[in-house]
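All remarks here apply to the structure that follows.
Chain identifiers are assigned alphabetically (A, B, ...) following the order of the sequence lines, protein sequences preceding nucleic acid strands; residue numbering begins at 1 within each chain.
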There are 2 protein chains.
Amino acid sequence: MTTTQVDQRVSLAVSTVIFALRPDPSTGRQTLWLPLVRRIREPYEGKWALPGGPLEAHEDLAASARHTLERTTGLGDSYLEQLYSFGAVDRSPDRVVSIVYWALVRPDEDARAIDGENVEWFVADDVPDLAFDHDDIVRYALDRLRAKITYSPIAHAFLADEFTLAELREVHEAVLRKSLDPANFRRQVLAGRTIEPTGTCLTGTSHRPPALYRAAARPEEIAR
Amino acid sequence: MTTTQVDQRVSLAVSTVIFALRPDPSTGRQTLWLPLVRRIREPYEGKWALPGGPLEAHEDLAASARHTLERTTGLGDSYLEQLYSFGAVDRSPDRVVSIVYWALVRPDEDARAIDGENVEWFVADDVPDLAFDHDDIVRYALDRLRAKITYSPIAHAFLADEFTLAELREVHEAVLRKSLDPANFRRQVLAGRTIEPTGTCLTGTSHRPPALYRAAARPEEIAR
DNA sequence: ACAAAAGTGTTAATTTTACACCCATGC
DNA sequence: GCATGGGTGTAAAATTAACACTTTTGT
């Protein structure tokens with residue numbers, strides 16, 4: 001990220017698309033947001049870019065993504081998954097290959113988020129013109145997230161340990177930007193065996209208390 | 001691949017899992033094979049490893065994978081797709097991050113393959129103990145290929161420009177290691193609109209001549 | 001004529017979708 | 001009681017799966 005290559009070396013950076021669900025300012029409904037960092041040096045000085053940094057020799061790829069998450073939002077405990085690696089020769093004036101992760105931030109974590117230097121959050125589907133090929137990366141991340149949520153239990157990553165089916169459905173609706181039939185959603189999710197009831201209900205609602213669930217024991221983590 | 005790191009730099013390699021379909025020596029049915037390269041220096045001297053090499057400053061990631069394909073098999077024109085990047089600190093004595101591609105080789109290409117130095121082909125489900133974390137990588141590639149063939153038209157990549165539905169089905173059967181109902185397979189594939197008839201038939205068979213198909217115009221390439 | 005694979009038809013089983021309706025709580 | 005979502009039931013529609021049967025070639 002800070003590299004100015006003199007010789008013919010390729011340098012390696014890890015960037016992270018940090019997704020959190022927050023209300024849309026216009027509709028008020030939940031949508032995907034992500035934090036960007038304003039560049040304070042060339043190239044693309046003044047433009048917004050994905051948070052990231054060079055891979056340090058002593059850290060794993062996911063650890064690097066986690067450090068970026070911490071530096072950008074102050075948060076530590078979020079779901080991380082490798083997305084893709086971008087390495088076109090002309091994607092940057094110097095030669096940088098970026099390995100991109102996404103982080104899915106839970107609301108309880110998100111509430112504690114503290115923006116780092118030059119950090120600002122944007123609605124994910126409405127980001128400004130970004131530095132490098134980061135527009136492509138954000139688009140790709142959104143496509144992949146929307147595809148993956150339909151066949152994988154990643155939606156849990158946007159929720160606290162215990163949650164109601166309505167909350168889980170709201171995550172799906174926010175990511176997919178369409179409403180889902182509550183009755184059918186319930187049956188499909190339960191048939192998938194990815195969640196299990198805690199045995200308790202959420203009280204204090206102005207209606208029938210919904211049952212609480214947690215992620216099932218063996219999530220059987222399958223990368224896309 | 002040849003790197004001996006003095007300082008704390010991370011080096012970057014691109015490896016390629018080259019898949020081709022060839023007859024299983026015991027059953028005679030088509031299965032997945034891949035070429036491995038015997039290491040001629042430490043670490044893991046004498047062990048088999050995936051073909052690959054350091055990323056050169058002037059080449060894109062896919063171009064590097066293509067060079068490896070050429071160096072290993074003499075072949076040029078095959079479907080390439082990025083699989084995953086492996087970067088655990090302890091995966092190698094020096095610090096190497098490997099971006100792994102797969103190449104799917106068509107039979108007409110495979111027939112022209114010429115093995116490079118220290119190259120030998122193995123049945124993909126029965127490879128020997130490999131160097132580094134390459135066992136994990138091969139397992140991961142097999143899992144991903146078997147998952148992806150069920151929802152994506154990658155099977156075409158194992159066939160020449162024109163092919164019969166039986167040939168396409170044989171690719172699926174070889175990859176998934178189970179037989180599929182010809183009638184239902186036909187309907188599912190045709191409903192998917194991923195192939196279109198050429199209008200001609202294959203002659204010279206000892207039975208009714210099957211229609212020939214080609215990949216449909218817009219494959220709408222969606223990376224998993 | 002016969003074998004062998006191409007290709008079509010048909011039906012049962014399963015999954016998806018749409019929507020009606022009862023349940024449990026706060027006010 | 002009434003409003004509000006939670007949760008269940010049910011039937012039509014669409015998809016998948018199993019398998020019988022007809023077609024077209026080479027021998």
### Basic-acidic side-chain contact under 4.0 Å: K178(B), E173(B)
no

### Message
At 4.0 Å (heavy atoms only), tell me whether A211(A) reaches a base, stays on the sugar-phosphate, or touches nothing.
### Response
sugar-phosphate

### Aromatic ring pairing Y84(B)/F86(B), orientation class (parallel under 30°, perpendicular over 60°, tilted between)
perpendicular

### Task
Taking only Lys NZ, Arg NE, NH1 and NH2, and the carboxylate oxygens of Asp or Glu, determine whether R112(B) and E109(B) approach each other closer than 4.0 Å.
yes

### Message
Quick test of your reading of the model: are E81(A) and K148(A) salt-bridged, counting only N-O distances below 4.0 Å?
### Response
yes

### R22(B) charged N/C atom sitting above W121(B) aromatic ring, 6.0 Å / 45°
yes

### Task
Please state how far atom CD in Q188(B) lies from atom C1' in dG7(C), giving the value in whole angstrom units.
16 Å

### Query
When R91(B) is tested against each of D133(B), D136(B), D135(B) for salt bridge (Lys or Arg N to Asp or Glu O under 4.0 Å), which residue passes?
D133(B)

### Query
Start at the 5' end of DNA chain C and walk down; is the nucleotide closest to E167(B) or to N184(B) reached first?
E167(B)

## Note on the structure
DNA chain D: first to last nucleotide in contact with chain A (atom under 4.0 angstrom from a heavy atom), 5' to 3', is dT4(D) to dT10(D)

### Query
Below 4.0 angstrom, N of the basic side chain to O of the carboxylate: do D161(A) and R106(A) qualify?
yes

### Task
Could you please spell out the steps behind the side chain to side chain donor-acceptor pair (under 3.5 Å) verdict for S85(A) and S85(B)?
CA-CA 7 Å; S85(A) 299; S85(B) 299; 2.7 Å; yes

Dump the pairs, protein N or O against N or O of nucleotides 11-14 of chain C, anything under 3.5 Å, distances to one decimal.
none

### Query
Could you walk me through whether F122(A) and W48(A) pass the ring-ring contact (aromatic ring centres under 6.0 Å, His included) check?
CA-CA 10 Å; F122(A) 295 86; W48(A) 295 101; 5.1 Å; yes

Quick one: which protein N/O atoms are closer than 3.5 Å to N/O atoms of nucleotides 24-27 of chain C? Pair and distance per line, please.
| unit_1 | atom_1 | unit_2 | atom_2 | d |
| --- | --- | --- | --- | --- |
| dA24(C) | N3 | R208(A) | N | 3.4 |
| dT25(C) | O2 | S206(A) | O | 3.4 |

### Query
How would you label the contact of A166(B) with the nucleic acid (heavy atoms, under 4.0 Å): base, sugar-phosphate, or nothing?
sugar-phosphate

### Query
To the nearest Å, how far apart are D181(B) CG and dA5(C) P?
15 Å

### Task
Rounded off to whole Å, could you give me the CZ-to-C1' distance for the F185(A) and dC19(C) pair?
18 Å

### Query
Are D125(A) and R177(A) close enough for a salt bridge, meaning some N to O gap below 4.0 Å?
yes

### Electrostatic pair R66(A):E70(A) at N-O distance under 4.0 angstrom
no

### Task
Figure out the CZ/P separation between R187(A) and dA18(C), and round it to whole Å.
12 Å

